Amino acid sequence: MLEVHNLTVRYGAVEALRNVSVKVPDSGFVAILGANGAGKSTLLRTISGLVRPASGMVTLRGKSITGLKPEAIVRLGLSHVPEGRGIFPDLTVAENLTVGAYVHRSDHASRYASVLANFPALARRERQPGYTLSGGEQQMLAIGRALMSGPSILTADELSLGLAPVVVKQVFETLSEARRAGVTVLVVEQNARLALRFADYLYVLKQGRVVLEGVRDELGRSAELVDAYLGA
Ligand code: ATP
């Protein structure tokens, strides 16, 4: 279980998160919804050790990981797919995947084979540089690279950004696949319909606070959510 307890994060005078608490159960698929600037990326960046909170705590399996370096957090089994993918455009698909395995080199070959088996589009482009891939393929590569460290939890920031709906669906199906294989998934998303389709528990962030949360079926019927995100 990954837990965020009363997290407050500030960038100078800007309070990006205030007293945010989130629970991600093992093998769950949790989504954080919210508009631009709601604090979604800040939440994931704090969980993965890229940002230090002003107060509050992040725990993994009951132990605090707050303030640990990102590499230490990856070693504990939490892998992050950043917004904008962050793949290396001049490295090949194979090289990008190998970079993802840096914390666990031992069973690199079997992980590599399993990622390629799950992403046939990447397998066909193994020797191509990252910049030659389509947006959807780059997103798959970013997810594949995160899976190369053999995580128990995968966090992903706005995977749908800039992708066509059909490609977004494929990308999210990949996450569902990872989840079926036992990986816990936490995503942040602006696209509420998409999040409601794939996640089983959702939180809504607004101006740095959790304003709504619930299981998919309940939240999908919430008048507040429908008004704010899904239209009349
Ligand atoms: P988006 O979908 O646009 O990325 P978000 O929900 O992920 O939005 P954050 O990027 O977490 O939101 O930003 C939350 C708030 O913190 C915003 O007001 C933003 O302007 C501010 N912020 C984010 N990063 C920084 C930074 N490095 N320095 C100063 N302010 C920041």
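In listed order, ligands and their atoms are each counted from 1. What you see is a predicted model; the values in this text were computed from it and never measured.
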Interatomic spacing from CD in Gln139 to OG in Ser160 - rounded to 0.5 Å
8.5 Å

Tell me which one of Gly39, Gly208, Ala13 gets a heavy atom nearest to atom 12 (O) of ligand 1.
Gly39

Which is closest to atom 11 (O) of ligand 1 in terms of heavy atoms, Thr42, Leu33, Leu161?
Thr42

Considering non-hydrogen atoms of the protein only, which is the closest contact for [atom], and what is the distance?
atom                    : value
atom 31 (C) of ligand 1 : Tyr11 CD1, 3.2 Å
atom 3 (O) of ligand 1  : Asn36 OD1, 2.9 Å
atom 17 (C) of ligand 1 : Gly37 O, 3.8 Å
atom 10 (O) of ligand 1 : Ser41 CB, 3.8 Å

Of Leu43, Leu50, Thr42, which meets side chain to side chain contact (heavy atoms under 4.5 Å, CB included) against Thr46?
Thr42

Result of checking Leu44, Leu78, Asp157 against Leu186 for side chain to side chain contact (heavy atoms under 4.5 Å, CB included):
Leu44

Check each heavy atom of Arg45 against ligand 1 and say whether those closer than 4.0 Å belong to the side chain, the backbone, both or neither.
neither

Just checking Arg10: does its CZ atom have more than 12 heavy atoms from other residues, nucleotides or ligands closer to it than 6.0 angstrom?
no

Atom indices of ligand 1, in the order listed, that fall short of 4.0 Å to a heavy atom of [X]:
X      : value
Ala35  : 6 (O)
Gln190 : 2 (O)
Glu158 : 2 (O)

Short check: is a protein heavy atom less than 4.0 Å from atom 20 (O) of ligand 1?
no

Determine whether any protein heavy atom is located less than 4.0 Å from atom 29 (C) of ligand 1.
yes

So, Glu71 and Arg75, do they make that salt bridge, N to O below 4.0 Å?
no

Start with the C-alpha distance between Phe198 and Glu173, add both sets of side-chain angles, then the distance that settles side chain to side chain contact (heavy atoms under 4.5 Å, CB included), and finish with yes or no.
CA-CA 8 Å; Phe198 286 91; Glu173 274 161 4; 3.9 Å; yes

Using a plain distance cutoff, I'd like to know if Ala38 has any nitrogen or oxygen under 3.5 Å from a nitrogen or oxygen of ligand 1.
yes

Leu212 and Leu33: side chain to side chain contact (heavy atoms under 4.5 Å, CB included), yes or no, with the steps?
CA-CA 10 Å; Leu212 204 58; Leu33 284 170; over 6 Å; no

Sort and list the pairs that fulfil salt bridge (charged side-chain N to carboxylate O under 4.0 Å, His left out) and have at least one residue in residues 175-190, not counting sequence neighbours.
Glu177-Arg180, Arg179-Asp200

Under 3.5 Å, side-chain donor or acceptor atoms of residues 86-95 against the rest of the protein: list the pairs with distances, not counting sequence neighbours.
unit_1	atom_1	unit_2	atom_2	d
Thr92	OG1	Ala94	N	3.4
Thr92	OG1	Glu95	N	3.0
Thr92	OG1	Glu95	OE1	3.4
Glu95	OE1	Thr92	N	2.9

